[in-house]
Amino acid sequence: MTEPATAQNQADISSLSYEQAREELVGIVKRLEAGNLPLEESLSMWERGEALADRCQGWLDGARERLDKAREESSDDEG
């Protein structure tokens with residue numbers, strides 16, 4: 001059975017930019033889709049992919065919040 005993502009892995013992922021996390025995630029998906037990996041490696045990659053996807057979603061959520069705030073401020077300035 002695989003071990004849960006370590007604190008080091010989480011810290012590593014939390015320092016990635018959106019582009020870095022997305023690029024690594026795309027690579028993981030390609031490798032998993034290609035198959036031919038041992039089960040343990042596949043599970044480990046899947047777990048890292050999930051963490052990378054969460055990181056990307058966090059970046060996107062933050063960007064949306066910033067855009068929403070900028071739109072609100074722009075609307076307030078016009079009024």
Side-chain angles (χ1 to χ4, degrees):
M1 201 151 160
T2 61
E3 294 188 22
T6 64
Q8 178 62 34
N9 281 343
Q10 292 300 331
D12 172 45
I13 290 172
S14 69
S15 68
L16 296 177
S17 69
Y18 172 80
E19 291 80 6
Q20 291 168 323
R22 185 180 179 280
E23 183 177 329
E24 185 177 344
L25 180 57
V26 168
I28 286 174
V29 169
K30 286 180 182 178
R31 288 188 65 198
L32 288 171
E33 286 178 343
N36 302 323
L37 296 171
L39 179 59
E40 290 296 322
E41 187 175 350
S42 293
L43 290 173
S44 178
M45 290 181 74
W46 178 271
E47 290 172 345
R48 183 155 178 94
E50 287 287 331
L52 289 164
D54 288 345
R55 176 67 174 160
C56 289
Q57 190 61 55
W59 273 107
L60 293 173
D61 292 344
R64 179 171 301 282
E65 288 175 17
R66 289 174 60 191
L67 286 171
D68 290 345
K69 184 176 179 181
R71 285 183 185 143
E72 286 176 17
E73 290 174 358
S74 178
S75 295
D76 291 345
D77 291 345
E78 292 175 7

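Fair warning: this is a prediction, and the values are worked out from it, not measured in the lab.
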Does atom CZ of R22 have more than 12 heavy-atom neighbours, drawn from other residues, nucleotides or ligands, at distances under 6.0 Å? no

Residue pairs passing the salt bridge (Lys or Arg N to Asp or Glu O under 4.0 Å) test where at least one lies in residues 28-39, sequence neighbours excluded: R31-E41

Going by the rule side chain to side chain donor-acceptor pair (under 3.5 Å), which residues pair with Q20 if we only count those two or more places apart in sequence or in a different chain? S17

Rounded to the nearest 0.5 Å, how far does [atom2] of [Y] lie from [atom1] of [X]?
{"X": "S42", "Y": "I28", "atom1": "OG", "atom2": "CD1", "answer": "11.0 Å"}
{"X": "S15", "Y": "I13", "atom1": "OG", "atom2": "CD1", "answer": "9.0 Å"}
{"X": "L32", "Y": "M45", "atom1": "CG", "atom2": "CE", "answer": "5.0 Å"}

Using atom types as modelled, flag every donor-acceptor pair under 3.5 Å from a side chain in residues 63-71 to any protein atom, sequence neighbours excluded.
none

Apart from W59 itself, residues in the same hydrophobic cluster as defined by side-chain heavy atoms under 4.5 Å: Y18, L60

Residues forming a salt bridge (charged side-chain N to carboxylate O under 4.0 Å, His left out) with D61, sequence neighbours excluded: none

Sequence neighbours left out, what passes salt bridge (charged side-chain N to carboxylate O under 4.0 Å, His left out) with R55? Give chain and number order. none

Please find the pair of heavy atoms, one from G49 and one from L25, that lie closest to each other, and give the distance. O-CD1, 3.4 Å

Using the rule side-chain contact (heavy atoms from CB on, under 4.5 Å), only one of E24, E47, E23 pairs with L52; which is it? E24

